[in-house]
Protein chains: 4
Amino acid sequence: MARLWGGRYRGGPAPEMSQFADSLSFDQRLWKADIAGSIAYAHALARAGVLTPEEGRQIEAGLRAIHREFEEGTFAFQATDEDIHTAVERRLGELIGPLAGKLHTGRSRNDQVATDLRLWLREEIDRLAGHLVALQEAALAQAEAHLDCILPGYTHLQPAQPLRFSHWMLAHFWAWQRDRERLGEVRARVNWCPLGAGALAGSSWGVDRAALAQELGFAGVIPNSLDAVQDRDFVAEFLSWGAMLGVHLSRLAEDLILWASPAFGFVRLHEAYTTGSSLMPQKRNPDSLELLRGKAGRLVGNLTGFLVALKGLPAGYNRDLQEDKEPLFDTVDTLLAALPVAAGVIRTLEPQPERMRAALSDDLLATDLAEYLVRKGVPFRQSHHLVGRLVARAEDLGVPLRKVPLAEMQAISPAFGEDVQGVFDFEASVEARRSEGGTAREAILRQVEAARQALAR
Amino acid sequence: MARLWGGRYRGGPAPEMSQFADSLSFDQRLWKADIAGSIAYAHALARAGVLTPEEGRQIEAGLRAIHREFEEGTFAFQATDEDIHTAVERRLGELIGPLAGKLHTGRSRNDQVATDLRLWLREEIDRLAGHLVALQEAALAQAEAHLDCILPGYTHLQPAQPLRFSHWMLAHFWAWQRDRERLGEVRARVNWCPLGAGALAGSSWGVDRAALAQELGFAGVIPNSLDAVQDRDFVAEFLSWGAMLGVHLSRLAEDLILWASPAFGFVRLHEAYTTGSSLMPQKRNPDSLELLRGKAGRLVGNLTGFLVALKGLPAGYNRDLQEDKEPLFDTVDTLLAALPVAAGVIRTLEPQPERMRAALSDDLLATDLAEYLVRKGVPFRQSHHLVGRLVARAEDLGVPLRKVPLAEMQAISPAFGEDVQGVFDFEASVEARRSEGGTAREAILRQVEAARQALAR
Amino acid sequence: MARLWGGRYRGGPAPEMSQFADSLSFDQRLWKADIAGSIAYAHALARAGVLTPEEGRQIEAGLRAIHREFEEGTFAFQATDEDIHTAVERRLGELIGPLAGKLHTGRSRNDQVATDLRLWLREEIDRLAGHLVALQEAALAQAEAHLDCILPGYTHLQPAQPLRFSHWMLAHFWAWQRDRERLGEVRARVNWCPLGAGALAGSSWGVDRAALAQELGFAGVIPNSLDAVQDRDFVAEFLSWGAMLGVHLSRLAEDLILWASPAFGFVRLHEAYTTGSSLMPQKRNPDSLELLRGKAGRLVGNLTGFLVALKGLPAGYNRDLQEDKEPLFDTVDTLLAALPVAAGVIRTLEPQPERMRAALSDDLLATDLAEYLVRKGVPFRQSHHLVGRLVARAEDLGVPLRKVPLAEMQAISPAFGEDVQGVFDFEASVEARRSEGGTAREAILRQVEAARQALAR
Amino acid sequence: MARLWGGRYRGGPAPEMSQFADSLSFDQRLWKADIAGSIAYAHALARAGVLTPEEGRQIEAGLRAIHREFEEGTFAFQATDEDIHTAVERRLGELIGPLAGKLHTGRSRNDQVATDLRLWLREEIDRLAGHLVALQEAALAQAEAHLDCILPGYTHLQPAQPLRFSHWMLAHFWAWQRDRERLGEVRARVNWCPLGAGALAGSSWGVDRAALAQELGFAGVIPNSLDAVQDRDFVAEFLSWGAMLGVHLSRLAEDLILWASPAFGFVRLHEAYTTGSSLMPQKRNPDSLELLRGKAGRLVGNLTGFLVALKGLPAGYNRDLQEDKEPLFDTVDTLLAALPVAAGVIRTLEPQPERMRAALSDDLLATDLAEYLVRKGVPFRQSHHLVGRLVARAEDLGVPLRKVPLAEMQAISPAFGEDVQGVFDFEASVEARRSEGGTAREAILRQVEAARQALAR
């Protein structure tokens, strides 16, 4: 029995066709899910009376033996195994004889592969969620450890206002929190059972789909057999989740690549996450981060590519859907590799407080200056304009803002007084922003507490 | 006051720069959200004592006057209005004088635009959800009306097993149900308040962000001011939602384009959703559906493009983020136009039961034949093979399966008996699949009931 | 010497970092190009006097030995080999001792990998061009063989005007001709030599880059060393080429999937390019074509993903560029597998002339009818309108156009005469379109001739 | 006659359908091409004897009058104008009566719109090429003006080797040169004539397609009428070109955003290409560059989206193809706006040589140090390792490389001598790389000369 479907065929596939169409090379990683699904299906057939109890037991025993072969690395694929489902069924026949041929009663590879993929992905999602938590924990620990580091906050990569390092770190934390929330939602949609849908039309064997779903840990049964076999929303949704997380990691990477460059020098990466050059002996390159940034590409590409494959497909299973696996596997693999690297980079990151402090320039306090004028009664829009002129004046004089003589300041606005020097205090500036989500120590401690609670959810 | 930020500048932007950078041409549709946000912010400033109650009242009155101007179409933009925020602030100054300049105290366009966009999108999401419900209702009505239509179910666009038309229609219903579920989740993440985050560092004015959030109907406050201004996950997530819905509509369209082609002829589209040809007088083309299919492209493009824009951005607001609006607006507009067309097409669709029935060929019952053998004791894998040979034999004989002489059948398997003719009944075939999600009338009625409940959620 | 760049390092990379960053698992396929580039570089160093002639000979001999090891499958990778370049250099050291360390003089992996990739891709492009020609030849042969098959031409998947099968086949031919033309242009841009550019700044060793380029068969030297190492346009351009070809193949596949469906039945696919079902014994699914259609997804995804990776990269080599290889390899592999399948499908395709002829319906001649009226002096826009009314009348009467009584026709336009029956001739219709590119036999024979000449170019 | 195709219709389109399907709002910009194509087609009909000379003259006069109306802004669209073609034909009828109805003889909107789009794009390509040349000229002028500026060259955003500013500028020049080369190739494929292909099957009116093509300035006739109407490769190819140029501009932008940040401070942007902040008075943000970087997103999105729309379309014109226009127009508009901004930024850029020189650190010369040892007879791989150790030693000592005592150096390698101090000369380092494409003044002057010649091509 070379192929499962050979009855009406006179010849076999063209050699280039087998190579093009067979999926065993990549779908073999579904073996565990495939066997689990088959065991549950054998139970269902037995419950429905399609198998005798003894037949059910023999099939299950055969499948468990195959499971062991995979675990022990002794399972031998054959050239005619088109895919993992075929390989397992072929092997079952070798082990238990023609009885194996009863397992497929009322089942199609269409509902089988959809079930396998959902089972497999559910498990990988749980692993990914664990890695994401570890990343968040690393970030939270850094945020708590470096509350006193003040550095320039940037917008447009130009100095904006002073920030605490912790504040920056937590901004990334919250993005990952959203990722984790979304992942939970994706998981909830992955976790529905297509088994029993057959090729497209459902089952005539009295298979209890609800019991099947329950045995496999699914939340319930997909209510339409056609939808059950043709739906790949869960794959696209997961790929979309991965693309978004990839973009988040690329933004973290960009920050740290910049900050690890001597021009900024705000952080030092642990050597273990850097790489040297084959030509230039001095190099200590942030390759880990560049790869994190670059991987956003493939994650977006996997999403885009799969949406292209889905677009315009007619109802029912179409072989185009086989293109779901490789992008899905690649996104999972990429993130399983990337998340520990990101966590490692953060865990071992050494902020450089002196370099941060050295980069604090008076223009980061221009907003505080404008707010100083507001407190003296100048409407904000006007005070903004006046401080703008003061900045220009300081530039002309070639001095930092605090060194502009008071008389010059007063020429711009008489509201400037001696007390203006009190504005030039970076610690005071961050402490002033006390409202929820702001940079004051107390606001950040509240944020850390919220982060801790979010992590526990 | 040409620009909000002119103080330190000596000249203006280059003409090609204004044209390149100004966003008024597309962001003016945010006017309502912008004014609503500003009124709430004025309240917050008044509560914080930054404005006197009287000042607060004057600002609110001015903003309400501007709201009326927009509603009445009398608001006049000026060439120097960079964006909607500038335009409103400029106009407020004209109406109430320098007091207008106090409204921006502690607020930045960074938190303002994020707030506006979330308010605007929240409203559009609710409109889209309504259109989606209407589409689902149209499908459900068709499913209920045409329970008796049996047509060939296809996989790989080859005849597979008979289906009820209702079953097919409901498969699309469930895809849209997932879309609606996802949309609710996206909405929940849109609905957080960035206002009060300032440019990136929070507010030093004692603004009560929780009260602000509540007044604007948000679920809560974004807990980190940097995240509040730089996060565009909600845009990317919405675009991803739109791309997925676009793909769903493309699949519906593909089905109906095929079925409206004379080769299938399973449905007739209402003339109102078709278009003729400038050259060929006979034409009645399913342009509505082709556009629905084609629009999947721009919806995916909007998503991809925005992910590209986000990739690798450093922390803080970067002007690249301005690229969030046009894809967002286009996805909203595209779907607001597409959904009513899809609903109209379905509502007016005329299934053609005779054409469907004419297309029911015996090979659609090959699985039933194999199952017949299983019931005679042949293991499924073997019965599948035997029926495959029977199919080949029928093809050689040039007859439909039911016309293969019993002797020929028995030559293939002695298990074939006189009763095999009972298999050749399409109604019986669909009725046989009674398990949950199957094609039997009773299973579909249960499915319709579940759909009705899902709609009510 | 575990890593090439270990001098300034105290420890090694984190284990998850090695796994994340090492590229050997996928870049080992560059071995041949890597060795060829190194031999040429050894020659260049010898010419420049950096190596003595004897040293040059020893290095070359070592490299040739490594080449043989790869060819014979005896080359042994080691766990510390980061990439193919490291592996080859490590092995060279084992074979010829410290002299191996001279080969990297003035060379960086940056210019080395760019060179390898260009050499490798140039060869694959030539293979792909060959497969494309084979596909075109198959199409041209079918076009010549089936000149007499007339089938309905469709627009909007609705019958439009009659076409010859050959005409349809040649439309695909010309799309592939553009692909081949573009591939030649891409090749011309691939074929420039980065070697000698070092890490980014060029060479101080008097290496003659022009001679290097010539020895490696490049058209010339990339004129800027920074551009030479950071440019990946040639990859993006090739991926874009692949995406476009993928789209072309998806359109061919769509046509044939439709036509192989019994609803159309215009073609029969050779069994060797179809696949059966595990559940439904009658199936003969066009999986080859569905995969061809679906693969467009990954080809577009590879392009999009790589553009994402490139976007916003700063000058100089960044490790993000390592993400060039996997999409490039996947696009090459996908097309090397897909093109022979597409050619095989076409070569073995059996058009079904009777099914085509049976599908020819009178409405395909509505344009001819309108043109008939034009010849009677009715302006086209009016004649189009009149025939439109005639079509509606025929529909009301439930008869094909030719069966509408002449009196009814004349009620619509007195210009209709007895001779109108002459219009209802499909052969005459295709023969009427004699202008260049039209459907007349003579026009198609001219087109076949042009195709033959294009193939020869 | 509301619609061109009304004859067989009993009612009109649904209101939401018109809104969804009509393209006039965006395709009206094709008016000039549409009229030009119609005039040429009128000539062709006259030459073929379908129009009398007098009829031809009247139609041409009418079309020229419409042209004037558009130019003068007096052309009035009507609610029933579906698209620009309909609008022009409707107006022609108003101006010259029923004779207008003859213009469409043998022509379809299918070949008409393909012709219009090619004519329009050809012209825009020429404008874009002009802007690209202006950008290259700006870069070349800067390269020539700042040959003496030496700055750190980076790889991985870590200091690598010293570069001349000119070298960096020219690296971007060459990327644009490739863009220009590719644009020429795209133009050559745009420039083929589909007119005369009719709806899909060609023309029965004896229209001389070669003469038509020549009159419209096309290089020739598309040789297959089906291909002529369904081919949108030229759009996809142009979008791909735009995406690539967008990526190039994003990389330029990233460099300059970094360098304009005070952390680097290598360049000062002209105020006219920067923007301030509504909150922070000191700001001078590189918005022009951030938008250039961000626009890469929409350019990639336009490409991806259109490939999605094309994927899997069956033969013949399908309305999905209408989705070609908006991405095409957006890519053209985006680049017509972006290129002058990029050129303006470069033209007005002020390099800051002191900041560049201040950033030159000794580790940029580590490769020179290794090469010094090579010249003393140490094989490169070993010398690389030794200098790596020296770098580590300097780091431990907290001194720049040149300050490591000679004795310490010699402890690492006895090959170090007094003359090692000669290595610590940045000018000498760039001068040492004299081979083609290197950083030496003479090599750059040769490169400038090559660039000048490339510009002239």
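Just so it is clear, the structure is predicted and the values come from calculations on it, not from any experiment. Quick note on labels: first sequence line is chain A, next is B, and so on, each numbered from 1.
Interface remark: of the candidates D/Ala21, D/Gly7, D/Ser277, D/Ser277 forms the most heavy-atom pairs closer than 4.5 Å to chain B. Ranked by heavy-atom pairs under 4.5 Å with chain B, the list D/Met280, D/Gln322, D/Lys283 is led by D/Lys283. Contacts with chain B were tallied for D/Glu271, D/Glu323, D/Arg298; D/Glu271 has the most, counting heavy-atom pairs under 4.5 Å. Among B/Ala272, B/Gly106, B/Pro340, B/Ala337, the residue making the largest number of heavy-atom pairs under 4.5 Å with chain D is B/Ala272. When each of B/His270, B/Met17, B/Arg284 is checked for heavy-atom pairs under 4.5 Å with chain D, B/Met17 comes out on top. In terms of non-hydrogen atom pairs under 4.5 Å with chain B, the most contact-rich of D/Glu326, D/His85, D/Gln112 is D/Glu326. Contact count versus chain D (heavy atoms, under 4.5 Å) is highest, among B/Ala199, B/Gly12, B/Ser278, B/Gly294, for B/Ser278. No other option in D/Lys295, D/Gln282, D/Glu254, D/Lys311 has as many heavy-atom pairs under 4.5 Å with chain B as D/Lys295. By number of non-hydrogen pairs under 4.5 angstrom with chain D, the leading residue of B/Val300, B/Thr105, B/Asn285, B/Asn318 is B/Asn318. By number of non-hydrogen pairs under 4.5 angstrom with chain D, the leading residue of B/Pro15, B/Ala309, B/Ser108, B/Ala296 is B/Ser108. Each of D/Leu299, D/Leu279, D/Thr304 has some count of heavy-atom pairs under 4.5 Å with chain B, and the biggest count is that of D/Leu279.
B/Asn302 and B/Thr331 share a donor-acceptor pair across their side chains, judged by distance under 3.5 Å alone. With hydrogens and angles left out, the side-chain atoms of D/Asp27 and D/Ser23 include a donor and acceptor closer than 3.5 Å.
Both the backbone and the side chain of D/Ala338 come within contact range of chain B, each with at least one heavy atom under 4.5 Å from a heavy atom of that chain. For chain B, the nearby part of D/Pro314 is the side chain; its heavy atoms alone come within less than 4.5 Å. Of the atoms belonging to D/Asp330, not a single heavy atom falls under 4.5 Å from chain B. Using a 4.5 Å cut-off between heavy atoms, D/Leu313 touches chain B through its side chain atoms alone. In this structure, the portion of D/Pro281 lying under 4.5 Å from any heavy atom of chain B is its backbone and not its side chain. With a 4.5 angstrom heavy-atom cutoff, D/Arg107 touches chain B only via backbone atoms. Contacts of D/Ser288 with chain B are made by both backbone and side-chain atoms, with heavy-atom separations under 4.5 Å.
At least one donor-acceptor pair under 3.5 Å links the side chain of B/Ser250 to the backbone N or O of B/Val247. For D/Asp111 (side chain) and D/Gly198 (main-chain N/O), a donor-acceptor pair under 3.5 Å exists by modelled atom type. A donor-acceptor contact shorter than 3.5 Å is absent between the side chain of B/Asp83 and the backbone of B/Asp81. Not one N or O on the side chain of B/Tyr273 forms a donor-acceptor pair closer than 3.5 Å with the backbone of B/Leu349.
The two atoms that bring B/Val207 and B/Tyr41 nearest to each other are CG2-OH, 4.1 Å, heavy atoms only.
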| said: If you apply the rule side chain to side chain contact (heavy atoms under 4.5 Å, CB included), what do you find for B/Glu290 with D/Leu321, and how did you get there? | reply: CA-CA 9 Å; B/Glu290 295 165 90; D/Leu321 292 182; over 6 Å; no

Intermediate values then yes/no, side chain to side chain contact (heavy atoms under 4.5 Å, CB included), B/Val341 and D/Gln19:
CA-CA 10 Å; B/Val341 169; D/Gln19 197 188 350; over 6 Å; no

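Ion pairing between B/Glu82 and B/Arg109 holds under the 4.0 Å rule for side-chain N and carboxylate O.
Between D/Leu269 and the options D/Asp287, D/Ile257, D/Thr274, a side chain to side chain contact (heavy atoms under 4.5 Å, CB included) holds for only D/Thr274.
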